[in-house]
Amino acid sequence: MSGRSMKEDDPLEDCALRETTLDGVTKRVYVAGSGPVVIVMSEMPGISPHVARFARWVRDAGFTV
């Protein structure tokens with residue numbers, strides 16, 4: 001990650017924002033990469049810098065996250 005502090009908010013500019021609705025509830029989903037899909041979920045609400053970093057590692061390994 002381009003020198004970003006792990007305490008800063010990550011704008012996720014390298015991800016595409018999609019909205020998906022299931023059972024009448026709409027959620028934002030960030031998508032990046034190509035290849036087989038890996039769903040990255042965190043225990044806490046939101047996307048922490050550590051989760052974003054992990055997702056980029058998975059994406060850079062050839063997966064869609």
Side-chain angles (χ1 to χ4, degrees):
M1 285 182 19
S2 58
R4 183 178 311 280
S5 165
M6 294 308 284
K7 294 182 181 181
E8 290 179 40
D9 285 340
D10 189 327
L12 302 172
E13 294 170 339
D14 53 339
C15 299
L17 177 60
R18 298 182 187 169
E19 289 191 348
T20 186
T21 303
L22 180 64
D23 290 335
V25 178
T26 301
K27 297 287 185 175
R28 289 180 295 169
V29 178
Y30 293 89
V31 180
S34 60
V37 174
V38 175
I39 298 173
V40 177
M41 298 175 66
S42 64
E43 291 184 51
M44 303 296 290
I47 301 173
S48 72
H50 294 288
V51 171
R53 181 175 64 173
F54 174 74
R56 288 184 177 104
W57 285 342
V58 174
R59 175 201 62 200
D60 293 345
F63 296 89
T64 298
V65 294

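Numbers for residues simply follow the sequence, beginning at 1.
- Partners of V29 under the side-chain contact (heavy atoms from CB on, under 4.5 Å) rule, at least two apart in sequence or in another chain, are T20, V31.
- With sequence neighbours left out, the side-chain contact (heavy atoms from CB on, under 4.5 Å) criterion links S42 to V51.
- Here side chain to side chain donor-acceptor pair (under 3.5 Å) pairs that include residues 24-40, with residues two or more places apart or in two chains, are T21-T26.
- Residues meeting the side-chain contact (heavy atoms from CB on, under 4.5 Å) test with D14, sequence neighbours left out: R56, R59.
- Considering all non-hydrogen atoms of both residues, V40 and F54 come closest at CG1-CD2, 3.9 Å.
- Annotation for I39: atom CD1 does not count as buried by contact number, only 12 or fewer foreign heavy atoms lying within 6.0 Å.
- For L22, there are no side-chain contact (heavy atoms from CB on, under 4.5 Å) partners at least two apart in sequence or on another chain.
- Between G62 and P36 the shortest heavy-atom distance is O-CD, 3.8 Å.
- Hydrophobic cluster membership is shared by L12 and L17, with clusters built from Ile, Leu, Val, Met, Phe, Trp and Tyr side chains linked at under 4.5 angstrom.
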